[in-house]
Amino acid sequence: MKTQVGIIGGGPAGLLLSQILHVNGIDSVILERQTRAYVLGRIRAGVLEQGLTDTLRRVDVGDRLDREGQVHGGVNLAFGGRMVRIDLEGLTGGKTVTVYGQTEVTRDLYEARDAMGGVIIDEAEDVTPHDLTTDTPALSYRKDGEAHRIECDFVAACDGFHGVGRQSFPSGSLKTYEKVYPFGWLGILSRTKPANHELIYGNHERGFVLCSMRAERLSRYYVQVAADEDVDAWSDERFWDELCRRLPEDVAAGIEQGPSIEKSLTPLRSFVAEPLNYGRLFLAGDAGHIVPPTGAKGLNLAASDVHYLSEGLISYYGSGDESGLRAYSERALRRIWKAERFSWWMTMLMHKLADDDGFGGKVQRAELDYLTGSQAAMTALAENYVGLPYYPRSRDFLNQASSSTNRSAFQLRAALRPSFSRIELNSSISGDDSRLARAMASSSIDRSMTWRTPIISYEALMSFLLYSTVAAGSLAIVAA
Ligand code: RFL
Ligand code: PHB
């Protein structure tokens, strides 16, 4: 068999990549080791950033998400017997998160791939990448005892933390960074009314708790336990009792208890592999990095990786431009490390730390007090929780700017600010001349500059001007 992009792994990263490539006219084949029922039985992430929900909508996978996903404008921190709401929406200029299970995202993506004739080969055994440093890499695998081979142009390893992709890097070509925490999360799913209409992250001297949800009558709860905890030692009764002991009294009093329909232990780990590519093999999602779930970033990072990788592939197939693929690892890693930092910070802030002689707990309490009393600190949390912006490339930046006339200059700036170090603009700008002149006067733009074809709005121009250093005599948008 032949395809353009061979994808290992039919989890959210692999499925989303395949779907994005498909709507851009690029062929792919997914090789998944498990059965579809197994993949759809895994209970994982619940909180989606706007970058992911926007991407899903753009590739025709947003209908059920829009009907059933719950948009949350806030999140709560419980500690010291009280609960403080962080106003995500207010602090970030209108950004929110959507509560919609990873299981549902995966189901929607499978349905979309099926409807569009996507090729997903499940129960593919012994998947092995070959010839990665040539222009004609391949994937071999076995299915029902028979050997097969897929010739492709590129291999995307979206095969999770234990996949074969990262193991295919020659020794010495990958540097890894890792932190394993001495605790895990024991999670249950139950058909009960959620504790609150928004998530509650709780810090308590007995350990961390999280009250989350999937639907109006489907709750997801986690309690911090030892990393090697025996799940069977936790009856439902013990779980509910421990959960309630760690929550403020008024919250605990409102918890509806019921039988668990799933119970599992999740170890906590921070991990990053660098770089994310070797020859024509690219790692995306958990294959390249892991975050502890405290910041709700794992699935969302998988989505931003896929965004950058698909951009690189779309440019390559559209115009032969390889620069996006060459820049993939670096672009993705910039965002990954920020999410690693945030997830590590949230973890250290909210969990009971081992060997704490009391000092660590006091410092945590002081930080929680400071955080919930400071607009600046809450804004930093909110910005990270809703998801940092993806970094657009120059052409997309222009497209985005030109299609963004209805967005406020504030939102545009927030979305685009970190992406460009400098601007060179060869096209021209429309807008109210006097405001333009004022903007130019207050910026470092050379007044002799001329604008030709009108392509972007005044607001977009303002965001360029306010966040750019202009090279003498010309303007260019240069990706940082
Ligand atoms: P996945 O989901 O692990 O999918 C990889 C797929 O590859 C297959 N595979 C192979 N296929 C062929 N050949 C091989 N050799 C293969 N080896 C593996 C696997 O069977 C699988 O189908 O990785 P992907 O696509 O990168 O997605 C990553 C996310 O699943 C993960 O980051 C999130 O679930 C993390 N996470 C959360 N992320 C969020 O963004 N928000 C959250 O609220 C959130 N909560 C969580 C989480 C993860 C959790 N657990 C259980 C780890 C809560 C929990 C409890
Ligand atoms: C979940 O609902 O499973 C969930 C929510 C938020 C997190 C982690 C997991 O930070």
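Computed over heavy atoms, backbone and side chain alike; hydrogens, waters and symmetry mates excluded. Start at 1 and go down the list; that is how both ligands and their atoms are numbered.
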Purely on distance, is any nitrogen or oxygen of R44 under 3.5 Å from one on ligand 1?
-> yes
A296 to ligand 1: N or O pair under 3.5 Å?
-> yes
Any [X] heavy atom less than 4.0 Å to ligand 1:
X	answer
R42	yes
Y222	yes
G187	no
A124	no

Can you list the ligand 1 atoms lying under 4.0 Å from a non-hydrogen atom of [X]?
X	value
G46	42 (C), 43 (O)
G163	17 (N)
I8	12 (C), 13 (N)
A13	24 (P), 25 (O), 26 (O)
D159	5 (C), 7 (O), 9 (N), 10 (C), 16 (C), 17 (N), 18 (C)
G285	26 (O)
G298	32 (O), 35 (C), 38 (N), 39 (C), 40 (O)
G160	3 (O), 5 (C), 23 (O)

Distance-only polar pair, side chains of [X] and [Y], donor-acceptor under 3.5 Å:
X	Y	value
T294	S343	no
S260	E262	no
N203	Q364	yes

With hydrogens left out, which residues have an atom under 4.0 Å from ligand 2, given that only heavy atoms count?
-> R44, G46, V47, W185, L199, Y201, L210, S212, R214, R220, Y222, P293, T294, A296
With rounding to the nearest 0.5 Å, note down the distance linking [atom1] in [X] to [atom2] in [Y].
X	Y	atom1	atom2	answer
H307	T55	NE2	OG1	7.0 Å
S190	K263	OG	NZ	10.5 Å
L17	C158	CG	SG	5.5 Å

Which residue and heavy atom of the protein sit nearest [atom], plus the separation:
atom	result
atom 55 (C) of ligand 1	T266 OG1, 3.3 Å
atom 27 (O) of ligand 1	P12 CG, 3.5 Å
atom 4 (O) of ligand 1	G11 CA, 3.5 Å
atom 26 (O) of ligand 1	D286 N, 2.9 Å
atom 30 (O) of ligand 1	Q102 NE2, 2.7 Å
atom 36 (N) of ligand 1	A45 CB, 3.7 Å

Using the test side chain to side chain donor-acceptor pair (under 3.5 Å), find all partners of S329 that sit at least two apart in sequence or belong to another chain.
-> none
Of R33, R269, R220, E32, which has the heavy atom at the shortest distance from atom 14 (C) of ligand 1?
-> R33
Determine, for [Y] and [X], whether the Lys NZ or Arg CZ falls below 6.0 Å from the six-membered ring centre while staying within 45 degrees of the axis.
X	Y	answer
R331	Y308	no
K95	Y385	no
K175	Y177	yes
K143	Y141	no

Non-neighbouring partners of W234 that pass ring-ring contact (aromatic ring centres under 6.0 Å, His included), sequence neighbours left out | none
Measure from the ring center of H351 to the ring center of F183 and say whether it is less than 6.0 Å.
-> yes
Here the salt bridge (charged side-chain N to carboxylate O under 4.0 Å, His left out) pairs for residues 28-45, sequence neighbours left out, are R36-D114
Taking D27 for the side chain and Q4 for the main chain, is one N or O donor matched with an acceptor at less than 3.5 Å?
-> no
When you measure from the side chain of E383 to the backbone N and O of L388, does any donor-acceptor pair fall under 3.5 Å?
-> no
For the pair E274 and R166, evaluate salt bridge (charged side-chain N to carboxylate O under 4.0 Å, His left out) and give the outcome as yes or no after the intermediate values.
-> CA-CA 10 Å; E274 292 188 346; R166 206 174 62 251; over 6 Å; no
Does L299 approach ligand 1 within less than 4.0 angstrom via side chain, backbone, both or neither, non-hydrogen atoms only?
-> both
